[in-house]
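By convention in this document, chain letters (A, B, ...) are assigned in the order of the sequence lines, proteins followed by strands, and residues within each chain are numbered from 1. Since the structure is predicted, the reported quantities are computational estimates derived from the model, not experimental observations.
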Amino acid sequence: MNDMTPPQKTLPKDWETDQEVRWCPGCGDYAILKAVQRTLPEIGARPEKTVFVSGIGCSSRFPYYVESFGFHTIHGRAPAVATGVKLANPDLDVWIITGDGDALSIGGNHTMHVLRRNLDCQILLFNNEIYGLTKGQYSPTSREGTRSPSTPYGSVDHPAKPAAFALGAGARFVARGYDVAKQLPDVLKAAYAHKGAAFVEIFQNCIVYNKDVFAGFTEKQHAADGQLWLENGKPMLFGDMKKGGTRGIALDRDKLCLKVVDVVDGDWQAAGVIVHDVTNRSVAHMLVEMPFGPFPMALGILYDDPKPSFEQAVIAQNEQAASGKTPDLQKLLSSGQTWTVGASGPQL
Amino acid sequence: MNDMTPPQKTLPKDWETDQEVRWCPGCGDYAILKAVQRTLPEIGARPEKTVFVSGIGCSSRFPYYVESFGFHTIHGRAPAVATGVKLANPDLDVWIITGDGDALSIGGNHTMHVLRRNLDCQILLFNNEIYGLTKGQYSPTSREGTRSPSTPYGSVDHPAKPAAFALGAGARFVARGYDVAKQLPDVLKAAYAHKGAAFVEIFQNCIVYNKDVFAGFTEKQHAADGQLWLENGKPMLFGDMKKGGTRGIALDRDKLCLKVVDVVDGDWQAAGVIVHDVTNRSVAHMLVEMPFGPFPMALGILYDDPKPSFEQAVIAQNEQAASGKTPDLQKLLSSGQTWTVGASGPQL
Amino acid sequence: MASVAQIANPAETSVQPAPESVVVRFAGDSGDGMQLTGGQFTLSTALSGNDLATFPDFPAEIRAPQGTLFGVSAFQINFGSSDISTAGDAPDVLIAMNPAALKTNVKDLKPGGLIIADTGEFNDRNLAKAKYDVSPLEDGSLSAWRVLAFDISQLTRDSVKEFGLGNKEALRCKNMWTLGLALWMFDRDRQPIIDWLRVKFAKAPELADANIAALNAGHAYGETAEIGGHGLAQVHVAPAPQPEGLYRTITGADAIAYGLVAGAQLAELPMFYGGYPITPASAVLHALSKLKEYGVTTFQAEDEIAAIASSIGASYAGSLGVTCSSGPGIALKGEALGLAIMTELPLVVVNIQRGGPSTGLPTKTEQSDLYQAVYGRNGDAPLPVIAACSPADAFDCAIEACRIATQYMTPVILLSDGYIANAAEPWQVPDVKSLAPFPVRFLEEAQEGGLMPYARDNKLARPWIKPGTPGLMHRIGGIEKSAGTGHIDYSPANHQAMTELRRNKVLGIAESIPDQQVSQGQTGGKLAVVGWGSTFGPIHQAVRRARAKGQDVSHIHIRHIWPLPKNLGDLLKSYDKVLVPEMNTGQLKTLLRDQYLVDARPLNKVSGQPFRIAEIEAAIEEQLG
Amino acid sequence: MASVAQIANPAETSVQPAPESVVVRFAGDSGDGMQLTGGQFTLSTALSGNDLATFPDFPAEIRAPQGTLFGVSAFQINFGSSDISTAGDAPDVLIAMNPAALKTNVKDLKPGGLIIADTGEFNDRNLAKAKYDVSPLEDGSLSAWRVLAFDISQLTRDSVKEFGLGNKEALRCKNMWTLGLALWMFDRDRQPIIDWLRVKFAKAPELADANIAALNAGHAYGETAEIGGHGLAQVHVAPAPQPEGLYRTITGADAIAYGLVAGAQLAELPMFYGGYPITPASAVLHALSKLKEYGVTTFQAEDEIAAIASSIGASYAGSLGVTCSSGPGIALKGEALGLAIMTELPLVVVNIQRGGPSTGLPTKTEQSDLYQAVYGRNGDAPLPVIAACSPADAFDCAIEACRIATQYMTPVILLSDGYIANAAEPWQVPDVKSLAPFPVRFLEEAQEGGLMPYARDNKLARPWIKPGTPGLMHRIGGIEKSAGTGHIDYSPANHQAMTELRRNKVLGIAESIPDQQVSQGQTGGKLAVVGWGSTFGPIHQAVRRARAKGQDVSHIHIRHIWPLPKNLGDLLKSYDKVLVPEMNTGQLKTLLRDQYLVDARPLNKVSGQPFRIAEIEAAIEEQLG
Ligand SMILES: Cc1ncc(C[n+]2csc(CCOP(=O)(O)OP(=O)(O)O)c2C)c(N)n1
Ligand SMILES: Cc1ncc(C[n+]2csc(CCOP(=O)(O)OP(=O)(O)O)c2C)c(N)n1
Ligand code: SF4
Ligand code: SF4
Ligand SMILES: [Mg+2]
Ligand SMILES: [Mg+2]
């Protein structure tokens with residue numbers, strides 16, 4: 001870095017492009033875009049060092065609207081493209097933008113492997129439980145019975161759980177938010193702070209093809225009982241938070257699974273409410289599978305326990321393997337058993 | 001079924017083909033083949049109603065050696081082909097044979113989705129932690145630091161855990177065994193008995209490219225401390241089993257994770273050893289992620305909690321949607337708004 | 001109320017004699033319901049006995065922000081009293097519901113053509129969104145055309161006042177008001193539309209009433225004297241002579257779906273459809289998903305590879321496997337197509353082509369996947385390819401694809417394109433009894449001397465053996481197979497023999513297809529215009545016009561792209577020149593030159609838009625001139 | 001000890017004059033080390049100054065069960081005192097280490113050729129595995145050849161007795177014993193092999209000693225009188241004249257790896273290689289994985305799609321992206337190739353072709369992916385294709401691929417095949433300073449008037465802009481781009497313009513490639529034999545022989561498959577006839593006929609084996625006869 005003048009701090013509007021935003025009016029994607037544009041200045045990101053890589057879908061149009069480098073690739077392959085970008089230049093901040101279809105249907109394999117390898121990047125999965133761009137077919141996250149153009153009688157497959165899939169694939173950071181959540185920038189900041197692959201599932205309202213499927217916990221009147229915002233070191237409380245939380249999540253010590261308990265007078269210890277430890281993988285597994293309805297929706301940072309990132313390991317090995325060797329092409333070409341043909345014929 | 005004569009019981013040798021077996025002498029695949037050929041008669045399978053579908057790899061040669069219907073497809077796609085087979089004819093018993101590369105590298109996405117949808121089939125993943133057929137490159141399950149032709153300085157990626165991946169993908173049956181384990185036929189029987197996708201990881205010794213990587217628990221002298229065979233309703237005990245088990249798995253109730261405890265005089269209750277409940281998904285998550293070394297290798301049926309299977313749901317819906325309707329092609333073609341052109345021109 | 005902003009070219013406004021054909025384009029915001037309006041106008045046109053062709057053209061965005069240029073949705077229809085086969089080069093009438101619709105469409109309008117515009121939408125906000133500094137209705141920039149501008153928005157609001165709808169809901173009836181006006185202009189009966197509205201809004205009768213009121217108001221508006229003499233004249237297009245029978249309109253996508261259902265029935269097989277949504281192919285998936293009672297199982301797979309792989313699995317298990325996608329999705333199926341070729345299983349692969357390369361222009365039409373269909377696989381991997389030339393033809397082609405796949409045990413590619421898939425045309429419903437069946441016979445017992453899964457019949461097809469059949473257990477796969485037994489066989493002589501066998505089997509399909517006909521003109525002469533697929537319409541019309549001028553030109557349209565009809569080489573050589581118009585950079589041309597060494601000259605258009613008749617006419621002119 | 005089972009054709013056993021070239025094939029069980037033996041014999045041949053070509057041929061199985069027919073591994077070498085360019089049609093000498101090796105190889109042996117067999121392996125068990133009822137050494141079935149059969153196994157055991165190895169380990173030295181005999185037969189120096197053994201077994205000196213003892217024993221066996229007069233005569237092949245310089249042997253796979261490294265250096269770029277193992281392409285991944293100090297990052301991706309996608313990502317980020325696979329893997333890359341074409345990023349895609357279709361014959365060679373390379377994508381998606389004709393040529397072609405990719409901002413396909421990849425040939429090590437550099441200039445600042453990521457230079461290439469460059473933020477993707485700005489643009493005129501631009505850019509590469517040369521013969525005449533890729537050797541020899549007979553035939557070998565060299569059309573038209581031998585069903589043929597309307601006649605062989613010289617000679621004969 002020769003540039004000695006400290007880069008000027010950016011503002012959210014510095015991250016806006018001159019392209020007309022082409023989502024349906026009212027689409028949840030707008031709010032996510034705003035949240036990202038608000039987050040980038042706060043984390044000190046630089047437009048020229050930031051790359052947004054996406055697949056195909058409404059969500060994947062995202063890069064066109066962020067004033068940074070952007071690559072709108074092909075359906076499902078953003079994680080693979082991003083892997084090449086980051087390995088070629090680890091100084092770049094790489095954000096992957098994807099949808100439930102892009103990341104979990106056609107792109108499931110790449111999502112799995114970018115998580116397993118732990119490439120340092122942020123993966124924002126806009127989960128609207130539908131294929132938006134292709135006009136509303138059900139997706140792998142659509143609930144059973146979803147009627148759509150391809151399932152006029154209702155879908156019959158069991159939906160995938162993105163966060164559970166991510167953990168099973170080996171993710172070291174798993175978080176959740178939703179489009180209009182005021183906490184979303186904080187979730188994004190934590191994802192950025194995590195060195196390695198940070199998986200963020202963002203529930204997003206597709207108002208055209210799957211309107212209000214998340215209203216059960218995103219609507220104001222359902223927020224208290226429907227949202228469990230996790231904070232490291234804090235008990236898992238929800239319900240009336242003005243009263244410090246009237247309900248909580250505890251371990252059923254007989255059945256060895258989670259249960260909802262009532263918290264009386266804020267005495268969560270008595271109720272056995274679990275204190276959230278973002279590094280506890282066993283509990284993370286239970287949280288991501290917690291069925292909404294009987295349980296609230298677990299939101300915020302569900303799991304965060306870094307391991308060495310892929311590109312760092314690759315680069316360290318490249319450097320170590322190269323150390324002490326000179327990249328002498330002539331030497332390379334002349335390697336192996338050689339012989340010289342002179343006037344008197346070949347000799348070793 | 002018009003065939004009124006009860007089918008004759010088969011013998012293991014009825015399941016052998018006339019094809020020369022083309023695995024390296026000493027390969028673990030032979031033992032798995034024998035175990036399958038021993039299991040099929042016991043479960044009452046019929047050669048003509050049995051289909052083995054495989055991808056590409058040493059393991060995927062398997063169908064050639066079983067006297068049934070067999071389809072050796074292309075790399076990674078066996079689950080997708082199998083889905084078509086089973087949907088077209090749900091009466092068939094469908095076995096998917098795959099390797100760690102076939103199922104988790106190129107085929108990860110299809111493995112995920114066949115599990116998520118819960119197609120009724122048995123998935124036998126021969127995990128030798130290496131690409132055998134292509135001569136020994138490291139695979140997604142190879143341990144960190146694996147030296148192979150493509151990683152001469154050792155691999156740097158974190159390995160995938162097949163059973164954890166399967167659970168994350170939504171599997172309802174997860175089991176483990178190893179090539180020469182005498183319990184393997186019992187594991188296969190349980191997989192067959194499970195209605196829905198049954199995922200079985202079989203550790204397999206590739207004696208040419210990854211010899212003895214599982215010796216740490218498969219070798220006789222390590223079996224007692226290295227193998228935890230799970231049985232539903234039985235405590236999770238291992239160690240000296242002649243003494244009823246000298247060690248066990250318990251829940252650390254502070255850290256909320258598993259731990260190994262000593263069992264004195266067979267009093268496992270006192271030691272807090274968990275009783276295995278195959279339907280407990282939370283514990284299953286912990287078992288599949290239990291690191292070998294500090295913990296024994298969890299073997300047998302780790303999880304078994306059936307849900308409706310995909311092809312049954314599809315067929316039920318097909319039938320329901322069709323009921324009361326006649327498949328009158330002429331009517332279909334004439335649907336929508338029609339008009340008649342007669343001598344006097346068009347009319348509705 | 002109505003204000004006629006400008007009447008340009010007064011000479012043109014005089015009442016014209018009943019035209020042979022008229023082209024009308026409805027254009028508005030995506031939210032304005034233009035496709036619906038177009039669809040209903042199409043039906044009414046068909047009912048009035050005109051021949052017709054349509055061209056829907058909508059944005060890639062789901063719901064583009066209102067009023068924007070990229071959010072414009074258009075529907076063009078060409079109808080007339082004689083043989084119509086394109087949606088028309090240039091509209092005679094443009095109905096522009098807002099400034100953006102005017103801006104993006106007006107340049108196509110015929111000089112002197114009529115613009116009908118809704119002044120209610122020409123406000124500052126919308127003008128700005130359409131990047132107009134000044135209203136084009138007022139700055140003289142439309143002087144090449146006739147303009148009828150009045151406040152359709154307000155007229156609509158007025159017409160539905162009594163139903164107490166909100167402003168937004170009231171304005172949703174604008175399209176019916178406009179349709180009413182159009183119906184009046186072309187002297188059409190409103191009743192079928194009214195009936196349709198009653199069915200559509202069965203659950204909300206007040207909406208039905210409001211829409212009907214708007215429709216009637218638009219119609220009445222035409223009839224009143226208010227605009228008489230202002231260039232808006234009623235036009236009656238005489239009906240086209242049509243064979244007697246039952247008719248309906250059909251889109252290519254529906255026709256393919258029905259053709260596949262028919263094909264499976266004629267083969268006496270259940271159908272398995274593995275698909276993955278992609279524009280513009282999804283419509284086939286949607287159509288088939290509703291047809292479960294016809295023995296159709298649809299499976300929305302996790303990707304295109306799983307879609308074809310599951311279809312191969314289903315064919316293996318004895319169903320007719322079908323998959324359908326568009327260019328990028330077909331690209332992903334290449335490896336699996338090889339498996340179907342090697343295992344010699346029947347499979348129908350439909351490609352609804354769109355603009356490429358890569359993601360390209362998803363909602364635009366193109367013919368640029370012919371290379372991919374014929375050549376796009378590893379190894380020597382021949383398979384039959386057929387191409388539909390119109391929505392109605394797509395039905396026949398789908399049946400033909402099923403026939404070839406099952407009779408020859410081979411994957412078949414059926415090429416269609418976005419234009420055919422979306423366009424609707426009148427279709428004489430075929431009599432099912434007239435369709436020739438081709439029932440499949442599965443092998444039930446081993447052949448004499450032992451089971452031979454790769455034995456050959458006289459068409460070189462191998463037997464189809466269903467798992468579940470006692471005694472016929474065997475193994476297949478993608479590795480080269482031994483002739484006869486189907487066992488793995490790497491031996492040089494076998495590979496040579498099998499390569500030739502696969503090639504000859506596919507070439508042999510030419511024995512079962514009709515000789516190439518000349519669709520217009522005669523065998524031999526100065527010029528043959530050779531097309532395939534959806535260029536049928538413009539070529540047909542261009543050749544018709546040229547012949548009317550006395551030019552020696554014929555039209556040949558190829559359905560069987562591979563193998564080509566047996567007589568095609570000789571036929572082409574009977575012309576001095578061969579011109580090949582294609583919506584690509586010259587792909588069929590490669591095939592013809594390679595196969596027959598004829599100097600086929602390409603005429604290429606790669607703009608995402610169908611050919612205009614005039615473009616082909618000019619090329620004919622040039623070849624003959 | 002030795003027993004000469006039969007000496008057939010006594011007339012042939014007389015000592016022959018020093019031959020111009022000799023073909024030897026080593027064949028044995030996969031476990032017998034035949035590839036190693038062949039490799040060392042190759043080195044010794046090169047050192048003796050002979051020109052040479054080799055053909056390794058091994059089974060698909062990793063370790064097929066011992067003694068089976070499908071477990072036979074063979075290595076053939078052709079060496080001589082003049083220009084050798086094929087591994088030879090038929091062996092003069094066959095060394096058969098067991099019955100299976102004899103059975104699968106003997107039919108290729110020249111009539112009167114010499115068989116050397118290890119009687120120690122001709123036991124009942126092995127005979128049964130090879131499906132022999134009676135030992136062929138005893139039933140007269142080998143009477144067309146000379147047979148020298150003796151107990152090599154026992155002789156080897158004896159020779160290593162003193163080192164106290166177990167029976168199995170002792171027998172592992174058989175290949176060195178045999179090599180020793182072969183070295184004696186062709187009058188070669190043992191020292192280089194001894195040196196090599198010392199290095200190879202540096203950690204187990206006793207094994208080195210044992211192998212050297214076996215080598216010496218085999219050699220001594222030849223020298224002793226024991227077999228004198230039994231048909232085994234020492235043969236000295238005179239050295240071929242060779243330019244002075246430094247030499248080594250190189251396989252095509254290594255040559256490609258080195259050429260890519262050189263190309264990246266000449267472009268002054270780091271290289272990123274995304275790969276997924278597949279036979280026979282993995283060798284390139286393996287070679288590059290070891291070269292990290294040359295700025296090479298290798299990435300074993302989860303599949304071929306991720307391999308190419310990551311390479312595209314790396315190119316986007318400013319590295320030279322490279323990926324390599326074989327037919328089925330390349331099929332999977334089709335969609336992503338479209339993305340590279342649309343985003344106009346440099347990318348080198350290497351295809352090591354193997355027998356197809358589908359999984360096909362993974363370890364056999366073929367040239368059947370030319371269609372796929374030139375035509376196998378959706379949309380009008382042109383890209384340059386080049387083909388290497390030998391291991392040494394592969395080095396130059398890899399550099400050329402890097403040059404075109406970076407200078408024209410385009411993906412490039414480099415075709416090689418299993419034969420070239422595995423075969424080794426002597427290679428004069430090029431002087432690195434003689435390689436012309438083509439350094440890449442990234443765009444560092446916006447152009448005057450604002451950033452234009454899709455501006456064009458005089459080659460029609462767009463600028464390469466690295467993320468990380470201040471002020472040059474922009475967005476790219478697979479949707480049609482506006483000329484200049486690169487923004488999304490669906491407009492008809494733009495799509496037409498961009499389609500033509502992409503086409504013309506690729507066609508323009510022809511300006512930077514040399515005119516097509518005639519590799520043997522002259523411009524014009526009766527017959528041109530036109531080849532590409534690894535058929536160079538047999539075509540070259542066949543034309544040489546035909547010309548020696550006085551026939552008017554020339555050899556043209558095409559490296560640049562697309563775009564074709566500018567003068568090629570005229571050149572081809574200067575011959576009366578054009579013959580195109582290919583290891584496929586006629587793919588280059590299609591290109592030539594389409595492009596030039598020349599009546600190119602195909603000569604096809606699709607058996608997984610290279611052409612024999614005689615096959616091409618016969619075809620020349622037929623064309624001229
Ligand atoms: C290879 C390929 N297959 C299919 C498509 C069509 N396609 C585009 S986006 C999409 C799904 C989008 O769903 P999702 O990722 O959930 O994004 P959303 O639109 O809901 O934000 C599909 C199937 C494509 N563009 N490319
Ligand atoms: C499309 C494609 N890519 C790559 C290959 C090469 N290939 C064949 S098997 C294999 C991996 C095999 O590994 P695994 O599944 O673990 O099976 P194993 O041989 O170890 O039993 C690979 C990469 C192929 N045949 N097809
Ligand atoms: S279709 Fe849904 S997801 Fe797509 S832009 Fe519209 S509202 Fe958003
Ligand atoms: S390479 Fe390994 S897995 Fe493959 S057959 Fe040999 S021992 Fe078995
Ligand atoms: Mg979605
Ligand atoms: Mg493996």
- What residues of residues 309-317 of chain D sit under 4.5 Å from chain A when only non-hydrogen atoms are counted? D:A309, D:S310, D:I312, D:G313, D:A314, D:Y316, D:A317
- Message: Given heavy-atom pairs under 4.5 angstrom as the criterion, report whether the side chain, backbone, both or neither of A:Y65 touches chain D.
- Response: neither
- Item | Side-chain H-bond candidate by donor/acceptor type, A:T98 with A:D102, under 3.5 Å | yes
- Message: If we define contacts as heavy-atom pairs under 4.5 Å, which of A:I315, A:T73, A:N89, A:V85 has the most with chain D?
- Response: A:V85
- D:E268: what forms a side-chain contact (heavy atoms from CB on, under 4.5 Å) with it, not counting sequence neighbours? D:P439
- Measuring heavy-atom distances to chain A, does D:Y247 have an atom under 4.5 Å in its side chain, in its backbone, in both, or in neither? both
- Side chains of D:V237 and D:F79 in contact at under 4.5 Å (non-hydrogen atoms): yes
- So which part of D:A307 gets closer than 4.5 Å to some heavy atom of chain A, the side chain, the backbone, both or neither? neither
- Side chain, backbone, both or neither: which part of A:V53 has a heavy atom under 4.5 Å from chain D? neither
- Query: Hey, are the side chains of D:Y454 and D:I476 touching, using non-hydrogen atoms and a 4.5 Å cut-off?
  - Reply: yes
- Task: Sort out for me which of D:K433, D:Q428, D:K292 touches chain A most, counting heavy-atom pairs under 4.5 Å.
- Result: D:K292
- Counting heavy-atom pairs under 4.5 Å with chain A, the top scorer among D:H487, D:M473, D:H474 is D:M473
- Query: Which bit of D:P467 comes within less than 4.5 Å of chain A, counting heavy atoms only: side chain, backbone, both or neither?
  - Reply: both
- Query: At a heavy-atom separation under 4.5 Å, does A:R117 approach chain D through its side chain, its backbone, both, or neither?
  - Reply: side chain
- Query: Just checking, D:R188 and D:F41: is the charged tip under 6.0 Å from the six-membered ring centre and within 45° of the axis?
  - Reply: yes
- Contacting region of D:K466 [heavy-atom separation from chain A under 4.5 Å]: backbone
- Query: Taking side chain as C-beta onward, heavy atoms only, is A:F126 less than 4.5 Å from A:L124?
  - Reply: yes
- Structural part of D:A255 lying under 4.5 Å from a heavy atom of chain A: neither
- Query: Under 3.5 Å, is there a donor-acceptor pair linking the side chains of A:D100 and A:Y131?
  - Reply: no
- Measuring heavy-atom distances to chain D, does A:E319 have an atom under 4.5 Å in its side chain, in its backbone, in both, or in neither? neither
- Message: Is D:P243 in contact with chain A via its backbone, its side chain, both, or neither, using a 4.5 Å heavy-atom distance?
- Response: backbone
- Best-contacting candidate, A:G76, A:G324, A:S323, A:S335, against chain D by heavy atom pairs under 4.5 angstrom: A:S335
- Could you look at D:Q265 and say if it's the side chain, the backbone, both or neither that has a heavy atom under 4.5 Å from chain A? side chain
- Message: Strictly distance-based, threshold 3.5 Å: is any side-chain N or O of A:K325 a donor or acceptor partner for the main-chain N or O of A:A321?
- Response: yes
- Item | Under 4.5 Å from a heavy atom of chain D, the part of A:L333 involved | both
- Is any side-chain N of the basic residue among D:R248 and D:E425 closer than 4.0 Å to the acidic one's carboxylate O? no
- Note on the structure: Turns out that what part of A:L332 lies under 4.5 Å from chain D's heavy atoms comes down to both
- Query: With no hydrogens and no angle check, do the side chains of A:D120 and A:Q312 hold a donor and an acceptor under 3.5 Å apart?
  - Reply: no
- Are the side chain of A:W95 and the backbone N or O of A:I123 linked by a donor-acceptor pair below 3.5 Å? no
- Query: Taking D:D189, D:I250, D:V261, D:I305 one by one, which has the highest count of heavy-atom pairs under 4.5 Å against chain A?
  - Reply: D:I305
- Task: For each of A:A88, A:P327, A:A322, tally heavy-atom pairs with chain D at distances under 4.5 Å, and name the one with the top tally.
- Result: A:P327
- Task: Go through D:G245, D:A306, D:A301, D:G321 and name the one with the most non-hydrogen pairs under 4.5 angstrom from chain A.
- Result: D:G245
- Task: Under 4.5 Å heavy-atom distance to chain A, tell me which part of D:L291 shows up: side chain, backbone, both or neither.
- Result: side chain
- Query: Will you find, in the side chains of D:T45 and D:N50, an N or O donor that is under 3.5 Å from an N or O acceptor?
  - Reply: no
- Task: Apply the side-chain hydrogen bond (donor to acceptor under 3.5 Å, both in side chains) test between A:Y64 and each candidate in A:R22, A:Q19, A:H72; give the one that qualifies.
- Result: A:H72
- Task: Answer yes if the side chains of A:W15 and A:T10 hold a donor-acceptor pair under 3.5 Å, and no otherwise.
- Result: yes
- Message: Are D:E444 and D:F442 packed together at the side-chain level, in the sense that at least one heavy-atom pair is separated by less than 4.5 angstrom?
- Response: yes
- Among D:G468, D:S319, D:G49, single out the residue with the greatest number of heavy-atom pairs under 4.5 Å to chain A. D:G468
- Query: Under a 4.5 Å heavy-atom cut-off, does chain A meet the side chain of D:D303, its backbone, both or neither?
  - Reply: side chain
- Message: Under a 3.5 Å distance rule, please check whether A:T326 uses its side chain to pair with a backbone N or O of A:D328 as donor and acceptor.
- Response: no
- Query: For D:E302 and A:N109, what are the C-alpha separation, side-chain angles and deciding distance, and is it a side chain to side chain donor-acceptor pair (under 3.5 Å)?
  - Reply: CA-CA 8 Å; D:E302 57 270 30; A:N109 203 30; 5.4 Å; no
- Non-hydrogen atoms of chain A under 4.5 Å away: do they reach the side chain of D:L345, the backbone, both or neither? side chain
